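Structure first, then comments.
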Amino acid sequence: MIKITFPDGSVKEFEPGISSLEIAEQISPRLAGEVYAATVNNEVRDLTRPIYADASLVLHKWDDEPARHAFWHSSAHLMAEALESIYPGIKFGIGPAIENGFYYDVDPGDGRVITDADLPAIEKKMKELAAENLKFTRREVSKKEAMDIFTAKGDEYKTELIGELEDGSITLYTQGNFTDLCRGPHLPSTAPIRAIKLLNVAGAYWRGNEKNKMLTRIYGITYPKQKLLDDYLVFLEEARKRDHRRIGRELELFTFSPHVGMGLPLWMPKGAELRQNLIDFMTRILKKRGYQIVTTPHIGNVNLYKTSGHYEKYGKDSFQPMATPQEGEQFMLKPMNCPHHCEIYNAKPHSYKDLPFRMAEFGTVYRYEQSGELHGLTRVRSFTQDDAHHFCRHDQLKEEFKSIIDLVQFIFKAVNLNEYSAQISLRDPDNREKYIGSDENWEKAENAIIEAAGEKELETTVVPGEAAFYGPKLDFMVKDAIGRKWQLGTIQVDYNLPERFDLTYNGSDNQKHRPVMIHRAIFGSLERFIAVLIENTAGKFPLWLAPEKAVVLPISEKFNDYARKVFDFLNNSDICTLIDERSEKIGKKIRDNELKRIPYLLIIGNNEAVNETVSVRRQGEGDRGTMKPEEFADLVRKEIAGEITF
RNA sequence: GCCGAUGUAGCUCAGUUGGUCAGAGCAGCUGAUUUGUAAUCUGCAGGUCGGGGGUUCGAAUCCCUUCAUCGGCUCCA
C-alpha cells in the first residue's frame with residue numbers, strides 16, 4: 001500500500017498504481033466529477049496518471065488555476081481535432097491555455113483562410129466531438145519516433161519544436177483521431193467540455209517572430225457548464241460598455257480626427273478639465289516632495305538625440321527630422337524629455353550637497369507607433385508624460401527609489417486604483433556584456449530596487465533579463481476593462497545618459513563624480529492613465545477629478561431664477577456646476593444627468609425656492625436630503641479634501 | 001508593419017438573392033406642456049450608404065483600390 005497525503009494533512013492508504021481520479025472516486029463520486037487535474041508531489045499531472053509511491057496529492061476543482069489550465073488546454077486539442085476534420089492537412093503551431101480560455105495557432109495551408117464566419121462550424125464540430133467522450137491518452141515516445149510521426153504528417157511546425165526537445169522527455173497526447181505533441185496535463189476525456197465559444201481569429205507570427213510566417217490564431221473559451229459561459233459572455237459585454245473609447249465619446253472627453261491624424265488625441269473641454277485636474281494635483285504633490293518643475297521645447301536638435309543614443313536606436317522608426325529652411329539644421333519632435341533635462345542639469349555646476357536634484361515636467365512627446373498599434377488613448381503618437389528625473393549619488397539610490405515607490409502608492413490610492421501589479425526587471429545574468437555600466441553598480445542598483453520595494457511592502461515579481469540596457473527598472477501595470485495589461489508607472493535606473501552627457505558633480509573630496517539618473521513616470525502618460533481610469537471607474541470619477549461637480553435641476557421653469565442663483569453661487573465658490581433649464585420633467589433631467597455621470601444633482605422646486613435650499617442627489621446613490629447651498633458647497637469641499645490629501 | 005473583420009444621419013443600428021431601400025430609435029431644432037427624484041407629447045430637419053475606380057440597363061448591396069476603425073501578432077526609448 002502507498003500513503004497519500006492530502007492538503008489538510010490527512011493520510012490515507014491506497015493500492016499502488018491507483019490514479020488521482022480513482023482516489024477522488026473513492027472519496028466521493030461527486031468529487032470525481034468536479035476535479036480536472038491533480039498536483040502530485042508538487043507536479044501538476046493528468047488525473048489518470050497512476051501513482052506508485054507515497055505522495056502528496058491536491059485534487060483541483062474548477063476554481064483552481066491548474067484545473068482550468070488542463071480544461072482549456074484540452075479544449076485547444078479538441079478544437080485542433082475539429083479543425084483537422086474540417087480542414088484536412090491543416091498544420092499546427094502551438095495551442096496553449098491562457099488566462100481566459102485558450103488559442104491554437106494553425107496554418108490552414110493551400111491558400112485556405114479561416115475567418116470569423118467559419119467559427120460556428122468549428123464550434124459545432126467541437127461539440128459533437130466532446131459529446132463522444134473521447135479519452136485523452138498519454139504516451140512517452142523517443143525523439144525519433146515523435147519526429148517520424150510529425151514528418152509523416154508533414155507538420156513542419158511540430159517537427160521544429162521536437163527538434164529542440166530533449167530525447168526522453170517527449171510525450172504525445174491522443175484523443176479520438178487527433179494526436180498532438182504535448183507536455184500535458186489533460187482532462188481524462190472530452191466529456192466535461194460542455195459549453196464552447198470560439199471568440200475570434202487573429203494573425204500571429206510563428207514563434208512570435210515577425211520574420212516568420214504568419215499563422216492563424218483562433219481564440220476560444222470553454223466551460224463545464226453553460227451558465228459559466230453565459231456569465232463570461234455577459235461580463236465581456238459589460239466590459240465593452242466600460243471601454244474608454246466609448247465613454248470618452250459619450251462624456252465628450254476626447255476625440256480623434258482623420259484630418260489631424262491617427263493616434264493624435266484631441267482633448268475636448270471636459271477631457272481637458274479632467275486632465276488639468278490631474279496635472280494640478282500632481283504638481284502640488286511634486287512641490288511638496290522636493291521636485292522642481294521645468295519646461296522644455298517640443299523639438300530638439302537631432303544631435304541631442306545622437307548624443308543620447310536614441311537616434312541610433314530609434315531614429316529610423318521615428319517621425320523624421322525636419323530641417324530649418326536657411327541653415328538646414330535638423331530638428332526632431334522630441335520622443336522623450338530626458339536629453340533636455342540632462343542639458344538643464346549641465347547648465348550649472350553641481351555639488352554633492354545639491355543632490356538629489358529632482359526635475360519634473362509634464363512633457364509632451366511624439367513617437368511613431370506603427371499603425372496597427374494605435375489603440376484609443378492607450379497607444380497614441382502624441383502623449384504627455386508626467387516625467388521626472390532624479391539626479392543623485394549612488395548612495396542615495398535606494399532612498400530615492402523608496403520615495404518614488406511611496407509616491408506611486410500615494411497617487412494610485414488617491415485615484416482609487418487598487419489593483420495593480422509591479423515588476424522588477426533585472427539584467428540577464430548570462431548576458432552581462434549587453435549592458436552598460438559596471439558590475440558593481442548594477443549589483444548595487446538591483447539590490448537597491450529589491451530592498452526599496454521590500455521596505456515599502458510592495459508586492460513584486462522579479463524578472464531577470466527584462467532590464468533596459470542602461471539599467472534595471474520597476475514597472476507598474478494595471479488592467480483595462482477586459483483584462484488587458486497596460487504599463488503605467490515606471491522607475492528606471494540609468495547609467496548611460498550621465499556618461500553620454502558627461503554629467504558630473506563635485507564630491508566632498510573636491511573631485512568630479514558621475515551622478516546616477518533615475519527616470520520615473522507615475523501616470524506614465526496622461527493619455528493612457530486617463531484611459532485606464534475611465535475603464536476602472538466606468539466614467540464615474542472621484543469627485544475631485546470630475547470635470548463638473550454638480551448640475552442644478554429646476555423642476556419647472558418657474559424656479560429657473562432661484563436655480564440660477566444657486567448655479568452662480570456654486571460657480572463663484574469654485575465648484576464647477578451646470579444648470580439644466582430645459583422644459584423637461586424632473587425624471588428626464590435626472591436620467592440624462594445621471595448618464596452624464598455628474599456627481600451631484602441639485603433639485604430645485606417650490607420648497608427649495610421658498611426655503612432657499614437645494615435637494616441633493618448623489619450620482620448612483622440617490623436622495624441625500626435638502627440643505628443650504630453653502631452647506632452643499634462645504635460638503636463638496638469636505639468630500640474632495642477626504643479624497644485627496646497632500 | 002502583418003493577419004482577419006468592419007465602415008449606412010452626431011450616436012446605436014435595420015436595409016432579404018443588385019430593382020420605390022435611403023429607414024428607425026436616441027441626440028438636435030419647432031411648438032405644446034410647467035412638471036418632485038432614471039425617458040411628456042407634436043412637428044421638422046439631418047446621410048452623394050468612408051473615399052476613388054470598375055462590372056451592370058440599374059450598386060448601400062458584386063469586384064478592385066485607398067483611408068479609417070476593431071480583434072490579435074510584432075514593436076513600445
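This one's a predicted model, so the numbers in the text were calculated from it and none came from an experiment. Order of the sequence lines sets the chain letters (A, B, ...), proteins ahead of strands, with each chain counted from 1. Reckoned from all heavy atoms, side chains included, excluding hydrogens, waters and symmetry mates.
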Counting neighbours of NZ on A/K270 that are heavy atoms of other residues, nucleotides or ligands and sit closer than 6.0 Å, is the number greater than 12?
yes
Per the under-4.0 Å heavy-atom filter, residues of residues 582-592 of chain A near RNA chain B come out as A/S583, A/E584, A/K585, A/I586, A/G587, A/K588, A/I590, A/R591
Under a 4.0 Å heavy-atom criterion, the protein footprint on nucleotides 71-77 of chain B, written with B, S and -, is BBBBBBB
Can you tell me, in whole Å, how much space there is between the P of B/A45 and that of B/G23?
12 Å
Over how many whole Å does the gap from A/L198 atom CG to B/G4 atom C1' extend?
15 Å
For B/U61 versus B/U6, give the span between their P atoms, rounded off to a whole number of Å.
14 Å
Just the dot-bracket of RNA chain B, please: which string comes out with Watson-Crick or G-U pairs under 3.5 Å, [ ] for crossing, | for another strand?
(((((((..((((.....[...)))).((.((.......)).)).....(((((..]....))))))))))))....
Between the base of B/U37 and the side chain of A/S615, is there a donor-acceptor distance below 3.5 Å?
yes
Say you pick atom P in B/G4 and the same atom in B/U42; how far apart are they, in whole Å?
49 Å
P-based separation of B/C26 from B/A39 [nearest Å]
14 Å
Integer angstrom distance from the C1' of B/G54 to that of B/G10:
33 Å
Option passing salt bridge (charged side-chain N to carboxylate O under 4.0 Å, His left out) with A/D243 (candidates A/R240, A/R246, A/R245):
A/R245
Under 4.0 Å, counting only non-hydrogen atoms across every strand here, what does A/E608 touch: a base, just sugar-phosphate, or nothing?
base
Give one of base, sugar-phosphate or nothing for A/V113, where a contact means two heavy atoms less than 4.0 Å apart.
sugar-phosphate
Whole-Å distance, A/R112 CZ to B/C3 C1', equals 17 Å
When you check the gap from the basic side-chain N to the acidic O, do A/E238 and A/K241 get nearer than 4.0 Å?
yes
Taking the P atom of each, how far is B/U33 from B/A14, in whole Å?
39 Å
